[in-house]
S.K.: 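Questions regarding the structure given below will be posed in turn.
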Amino acid sequence: MDLDLSQEHELLRNTVREFATERVAPVAEELDRESRFPYELVAEMAELGLMGIPIPEEYGGAGSDTLAYAIAIEELTRIDSSVAITVAAHTSLGTMPILLFGNDEQKGEWLPQLASGEKLAAFGLTEADAGSDAGATRTRAEQRDGQWIVNGSKIFITNAGTDISACVTITALTAEDEVSNLIVPNGTDGYTISPPMHKLGWHASDTRELSFKDVAVPEGNLLGERGRGFVQFLEILDGGRISVAAMGVGLAQGAYDLAYAYAQERKQFGKPISSFQAVQFKLADMATEIEAGRALVYRAAWLKDQGRPFALAAAQAKLYTGELSNRVVNASLQMHGGYGFMEESAIARLYRDQKVLEIGEGTNEVQRMVIAKHLGL
Ligand SMILES: Cc1cc2nc3c(=O)[nH]c(=O)nc-3n(C[C@H](O)[C@H](O)[C@H](O)COP(=O)(O)OP(=O)(O)OC[C@H]3O[C@@H](n4cnc5c(N)ncnc54)[C@H](O)[C@@H]3O)c2cc1C
């Protein structure tokens with residue numbers, strides 16, 4: 001058993017850490033305050049090869065593994081969740097369905113522009129009445145004159161409405177009880193995208209409602225096998241959970257870093273608050289739990305990279321790090337006192353950004369349902 005990261009993984013961690021510290025940290029508060037999508041940072045990340053880390057080089061990706069991808073997402077989230085989710089949703093949810101289920105023509109058309117980060121892709125599963133029960137899709141696609149005619153809507157969709165969004169892959173009913181996936185290019189007539197939704201956190205990330213009114217897409221935009229759309233998307237979510245779990249570790253690490261620094265700088269009763277054992281114990285608990293969470297995430301990524309079953313490990317990592325990040329960010333803000341409650345403090349942003357890690361890509365309850373199923377219950 002070897003728990004050391006390879007030189008390549010260490011190098012990637014250092015590169016992303018430097019980028020996050022030097023390029024993201026100085027603008028994160030402003031992007032959040034102005035709810036401004038980070039176009040410049042996405043372009044820089046594209047240059048660094050971060051927009052297609054696990055996508056093969058033949059399609060313009062970095063050709064790296066899931067562990068590398070998880071490390072990158074962890075390092076980005078340590079500084080800013082909006083930037084991290086932009087990369088994670090684009091990679092795991094936007095690009096992966098086309099890589100895993102696309103035919104040669106679809107891969108050739110879409111992957112080079114997506115893996116290079118020139119364009120973004122979105123994943124449209126959730127609907128107003130189909131959230132945790134994602135199979136309850138109502139959006140329909142009817143085959144007519146060599147085309148699919150799509151009618152319906154999606155909600156809470158990440159990366160669908162930016163200036164560089166290329167397409168969304170969706171689930172749609174192609175017959176009674178038959179769900180299939182379709183690629184809907186941005187700009188198709190009848191496909192309308194709402195203004196950005198107002199959120200508690202992830203302010204600089206793009207979240208939209210999508211509406212499809214007699215949207216005609218070519219028959220060739222069917223992604224994967226007809227009728228396999230729900231199963232395919234569940235497989236995508238299994239992989240996506242590793243990146244959201246990496247976000248949980250990264251956010252917790254970022255919150256810990258802030259608490260650690262503040263506890264040494266802030267003096268009360270004539271001493272730094274870090275000299276009080278109650279504060280030291282909180283930091284000790286945080287550091288311990290973060291290591292446990294990171295181990296779960298790396299194990300899930302490792303299993304996936306070995307080609308072994310990883311869905312249980314991914315759900316466990318996502319559940320644990322979601323709740324871990326909640327505990328850590330809460331304890332960190334507490335340690336910041338009143339200053340932590342002020343919007344200009346970084347910990348306030350991390351606090352707002354944390355909650356969705358327990359909701360997106362399956363709520364904590366859904367993770368427990370997935371885990372219980374794997375346990376044979
Ligand atoms: C910022 C953001 C970005 C998102 N991005 C995307 C995206 O890009 N693409 C996409 O498709 N979706 C996206 N989502 C949607 C997300 O995946 C859903 O919000 C999530 O799956 C939960 O669905 P819901 O919001 O409808 O909640 P509901 O399913 O209505 O759940 C409400 C509550 O009921 C609980 N619950 C439901 N069923 C059960 C049960 N059987 N047992 C116990 N408890 C249960 C839930 O755990 C939750 O606590 C995003 C959401 C957010 C907030």
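Atoms considered below: every heavy atom in the structure, side chains included; atoms not considered: hydrogens, waters and symmetry mates. Whatever order the structure lists ligands and atoms in, that order sets their numbers, starting from 1.
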S.K.: Among all protein heavy atoms in this structure, tell me which lies nearest to atom 44 (N) of ligand 1, with the distance rounded to 0.1 Å.
M.R.: Glu365 CB, 3.7 Å
S.K.: Can you find a non-hydrogen atom of Val366 under 4.0 Å from ligand 1?
M.R.: no
S.K.: Side chains of Thr66 and Asp305: do they bring a donor and an acceptor to under 3.5 Å?
M.R.: yes
S.K.: What I want to check is whether the side chains of Tyr262 and Ser332 have a donor and an acceptor closer together than 3.5 Å.
M.R.: no
S.K.: In terms of residue, atom name and distance, what is the protein heavy atom nearest to atom 46 (C) of ligand 1?
M.R.: Thr363 OG1, 3.7 Å
S.K.: Tell me the protein heavy atom at minimum distance from atom 9 (N) of ligand 1, and give that distance in Å.
M.R.: Phe123 O, 2.8 Å
S.K.: Quick one: look at Lys154 and ligand 1, take heavy-atom pairs under 4.0 Å, and tell me if it's side chain, backbone, both or neither.
M.R.: neither
S.K.: In plain terms, say whether Glu343 and Arg352 are close enough for a salt bridge, that is, a side-chain N and a carboxylate O under 4.0 Å apart.
M.R.: yes
S.K.: Looking just at side-chain N and O atoms, do Tyr298 and Glu74 make a donor-acceptor pair shorter than 3.5 Å?
M.R.: yes
S.K.: For atom 26 (O) of ligand 1, what's the nearest protein heavy-atom neighbour? Residue, atom name and distance, please.
M.R.: Gly131 CA, 3.2 Å
S.K.: Looking at Ile290 and Leu324, what are the two nearest heavy atoms and their distance?
M.R.: N-CD1, 3.9 Å
S.K.: Hey, which atoms in ligand 1 end up nearer than 4.0 Å to a heavy atom of Ile157?
M.R.: 7 (C), 8 (O), 9 (N), 10 (C), 11 (O)
S.K.: For Gln253 and Arg294, which I'm curious about, is there any donor-acceptor pair between the side chains at under 3.5 Å?
M.R.: yes
S.K.: Under a 4.0 Å heavy-atom limit, does Val356 contact ligand 1 with its side chain, its backbone, both, or neither?
M.R.: side chain
S.K.: Checking contacts now, so for atom 23 (O) of ligand 1, which I'm interested in, is there any protein heavy atom under 4.0 Å?
M.R.: yes
S.K.: Is there a donor in the side chain of Ser35 and an acceptor in the side chain of Lys199, or the other way round, less than 3.5 Å apart?
M.R.: no
S.K.: Say whether Met369 and ligand 1 are in contact under the criterion: heavy-atom distance to a ligand atom below 4.0 Å.
M.R.: yes
S.K.: What protein heavy atom is closest to atom 10 (C) of ligand 1, reported as residue, atom name and distance in Å?
M.R.: Thr126 OG1, 3.3 Å
S.K.: Can you name the atoms of ligand 1, numbered from 1 with element, that are less than 4.0 Å from a heavy atom of Trp202?
M.R.: 1 (C)
S.K.: Is atom 32 (C) of ligand 1 in close reach of the protein, with a heavy atom under 4.0 Å away?
M.R.: no
S.K.: What part of Leu125 sits under 4.0 Å from ligand 1 if we count only heavy atoms: the side chain, the backbone, both or neither?
M.R.: both
S.K.: Verify the cluster assignment for Phe233 and Trp110: are they in a single hydrophobic cluster under the rule of side-chain heavy atoms below 4.5 Å apart?
M.R.: yes
S.K.: Quiz question: by atom type and distance under 3.5 Å, do the side chains of Gln334 and Asn330 form a donor-acceptor pair?
M.R.: no
S.K.: Verify, without hydrogens or angle tests, whether Ser180 (side chain) and Gly227 (backbone) share a donor-acceptor contact under 3.5 angstrom.
M.R.: yes
S.K.: Considering non-hydrogen atoms of the protein only, which is the closest contact for atom 13 (C) of ligand 1, and what is the distance?
M.R.: Phe156 O, 3.1 Å
S.K.: For atom 36 (N) of ligand 1, what's the nearest protein heavy atom and its distance?
M.R.: Ser132 OG, 4.3 Å
S.K.: Can you confirm whether some protein heavy atom lies under 4.0 Å from atom 20 (C) of ligand 1, or whether none does?
M.R.: yes
S.K.: Considering only protein heavy atoms, determine whether one is less than 4.0 Å from atom 7 (C) of ligand 1.
M.R.: yes
S.K.: So, are Asp80 and Arg349 salt-bridged, with charged N and O less than 4.0 Å apart?
M.R.: yes
S.K.: Among all protein non-hydrogen atoms, which one is nearest to atom 17 (O) of ligand 1, and what is the separation to 0.1 Å?
M.R.: Glu361 N, 3.6 Å
S.K.: Taking distance alone, with N or O pairs closer than 3.5 Å, would you say Lys199 contacts ligand 1?
M.R.: no
S.K.: Could you tell me whether Glu75 and Arg78 have a side-chain N and a carboxylate O separated by less than 4.0 Å?
M.R.: yes
S.K.: Protein heavy-atom contact under 4.0 Å for atom 41 (N) of ligand 1?
M.R.: yes
S.K.: Does any donor atom in the side chain of Glu209 or Ser153 lie under 3.5 Å from an acceptor atom in the other side chain?
M.R.: no
